[in-house]
Amino acid sequence: MANEVPIQHHATTLDEFIAPIQERLGHGPGTPKPVFDEKLTITPHVTDKLDHAALIERFCAEAAALGTELSRCTRESLGRTVVHVVQENGAGRIILPSQQIFDDLQITQKLVAHTANEVYRWDPAAGRERNIELAASANIGITLAYAAIAETATIVQPCSPKCGRSVSLLPSVHIAIIDAKTIVPAMRDVLARLEEDRAAGKEIASQTVFISGPSNTADIELVRVEGVHGPTKVTYIIVED
């Protein structure tokens with residue numbers, strides 16, 4: 001008769017699974033758990049200890065290295081600057097968000113008054129397909145960045161009912177307006193701000209896109225090709241007061 005093997009009961013919770021391991025290691029139920037200090041895992045960054053003026057300059061330098069064009073202006077001259085950048089990029093059909101701030105900053109009004117081109121707003125009431133159709137046929141898409149990362153010249157672009165991701169993805173040219181106050185050292189600072197917004201009960205975007213310069217790839221024989229899956233040209237406009 002074969003030796004009988006006792007039936008082993010499988011753990012049904014993580015605690016039950018870990019308990020035998022803890023026992024073998026001499027860690028009983030009352031043993032305090034080690035405290036994890038996440039700051040110890042953060043490696044030094046090139047932006048460490050830079051003041052805000054230096055962060056802006058770092059962002060501009062990294063943007064140039066990525067092949068991103070850049071303009072700087074004041075809040076008062078923003079509308080004129082946007083019109084100038086649009087004209088430099090061939091104008092054509094323009095699409096921008098339906099966020100109220102574009103009217104408050106006189107961007108929409110100046111585009112309509114000083115360009116002979118079609119200016120469309122992303123309209124949630126028009127439906128997803130119509131908005132995507134307009135974005136795909138536009139030459140220029142204009143957005144307002146949530147934040148910008150100095151270390152990599154990356155802009156943070158949330159999607160919302162008033163500004164779908166197609167505005168920055170489908171047109172040939174993407175113009176991103178950046179409030180200089182939102183330029184932060186590194187990715188961790190953006191994530192911390194997003195977490196603060198969530199904790200404060202603010203509405204969080206269904207998707208947040210991180211954009212670093214024009215669309216490009218070098219997957220095939222390490223030959224850089226731009227415009228493969230997004231705009232062929234990106235321009236940042238930094239607004240400084």
Next item on the list: Compare all side-chain heavy atoms of R75 with those of L78 and state whether any distance is below 4.5 angstrom.
Entry: no
Margin query: Please report the interatomic distance NZ(K233) to CD(E88), rounded to the nearest 0.5 Å.
Written below: 7.0 Å
Checklist line | Value rounded to 0.5 Å, distance of CD in Q99 from CD1 in I107 | finding: 10.0 Å
Checklist line | Main-chain N/O of R80 paired to S77 side chain as donor or acceptor, under 3.5 Å | finding: no
Note to self: Let me confirm one number: the CD-OG1 distance from E62 to T152, rounded to the nearest 0.5 Å.
What the structure shows: 7.5 Å
Margin query: With side chain to side chain contact (heavy atoms under 4.5 Å, CB included) as the criterion, how do V190 and F210 come out once you've worked through the C-alpha distance, each side chain's angles and the decisive distance to 0.1 Å?
Written below: CA-CA 10 Å; V190 174; F210 292 78; 4.2 Å; yes
Check: Is there a side chain to side chain contact (heavy atoms under 4.5 Å, CB included) between V82 and F102 once you walk through the steps?
Finding: CA-CA 11 Å; V82 171; F102 281 83; over 6 Å; no
Next item on the list: Taking T68 for its side chain and A64 for its backbone only, find out whether a donor-acceptor pair lies under 3.5 Å.
Entry: no
Next item on the list: Apply side chain to side chain contact (heavy atoms under 4.5 Å, CB included) to D104 and list each qualifying residue two or more places apart in sequence or on a separate chain.
Entry: Q100
Margin query: Connecting only ILVMFWY residues whose side-chain heavy atoms lie within less than 4.5 Å of each other, what is the rest of I204's hydrophobic cluster?
Written below: none
Note to self: Would you say that P185 contacts L50 through its side chain, given a criterion of any heavy-atom pair below 4.5 Å between the two side chains?
What the structure shows: no
Check: Are any of the side-chain heavy atoms of Y146 and R193 separated by less than 4.5 Å?
Finding: yes
Notebook entry, point to check: If you group Ile, Leu, Val, Met, Phe, Trp and Tyr by side-chain heavy-atom gaps below 4.5 Å, do V209 and I155 land in one group?
Noted result: yes
Checklist line | Side chain S98, main chain W122, donor-acceptor under 3.5 Å | finding: yes
Next item on the list: State whether a side-chain donor-acceptor pair under 3.5 Å links R93 with S137.
Entry: yes
Notebook entry, point to check: Which distance, rounded to the nearest 0.5 Å, do you find between the CG of L191 and the CD1 of I149?
Noted result: 7.5 Å
Next item on the list: Apply side chain to side chain contact (heavy atoms under 4.5 Å, CB included) to the pair V234 and E69, showing each step before the final yes or no.
Entry: CA-CA 6 Å; V234 174; E69 296 191 1; over 6 Å; no
Check: Does any N or O in the side chain of D197 come within less than 3.5 Å of the main-chain N or O of K202, such that one atom is a donor and the other an acceptor?
Finding: no
Item checked: Contacts of type salt bridge (charged side-chain N to carboxylate O under 4.0 Å, His left out), residue E240, not counting sequence neighbours -> R72
Atom pairs and distances, donor-acceptor, side-chain atoms in residues 167-178, under 3.5 Å, two or more places apart:
residue	atom	partner	partner atom	Å
S168	OG	R165	O	3.2
H174	NE2	T143	OG1	2.8

Margin query: Are I56 and I211 linked, directly or through intermediate hydrophobic residues, by side-chain heavy-atom contacts shorter than 4.5 Å (ILVMFWY only)?
Written below: yes
Item checked: Pair listing, side-chain hydrogen bond (donor to acceptor under 3.5 Å, both in side chains) test, anchored in residues 176-187, at least two apart -> K181-D241
Note to self: Ignoring hydrogens and geometry beyond distance, is a side-chain donor-acceptor pair present between R121 and T108 at under 3.5 Å?
What the structure shows: yes
Check: So do the side chains of I238 and C60 get within less than 4.5 Å of each other, counting heavy atoms only?
Finding: yes
Next item on the list: For residues A63 and A153, report the shortest heavy-atom separation together with the two atoms involved.
Entry: N-CB, 3.3 Å
Margin query: Taking A125's backbone N and O only, do any of them form a donor-acceptor pair with D123's side chain (distance below 3.5 Å, no angle check)?
Written below: yes
Item checked: Pairs satisfying salt bridge (charged side-chain N to carboxylate O under 4.0 Å, His left out), at least one member in residues 45-55, at least two apart -> D48-R188
Next item on the list: Check whether any side-chain heavy atom of I237 sits under 4.5 Å from a side-chain heavy atom of C73, and report yes or no.
Entry: yes
Next item on the list: Please step through side chain to side chain contact (heavy atoms under 4.5 Å, CB included) for the pair I101 and L144, ending with a clear verdict.
Entry: CA-CA 9 Å; I101 192 170; L144 176 66; 3.8 Å; yes
Margin query: If I take atom CD1 from residue I95 and atom OG from residue S166, how far apart are they, to the nearest 0.5 angstrom?
Written below: 8.0 Å
Check: Out of curiosity, does M187 fall in the hydrophobic cluster containing I183 (side-chain heavy atoms, cut-off under 4.5 Å, transitive links)?
Finding: no
Check: How long is the span from the CG atom in L66 to the OH atom in Y236, to the nearest 0.5 Å?
Finding: 6.5 Å
Check: Are any non-hydrogen side-chain atoms of V86 and I94 less than 4.5 angstrom apart?
Finding: yes
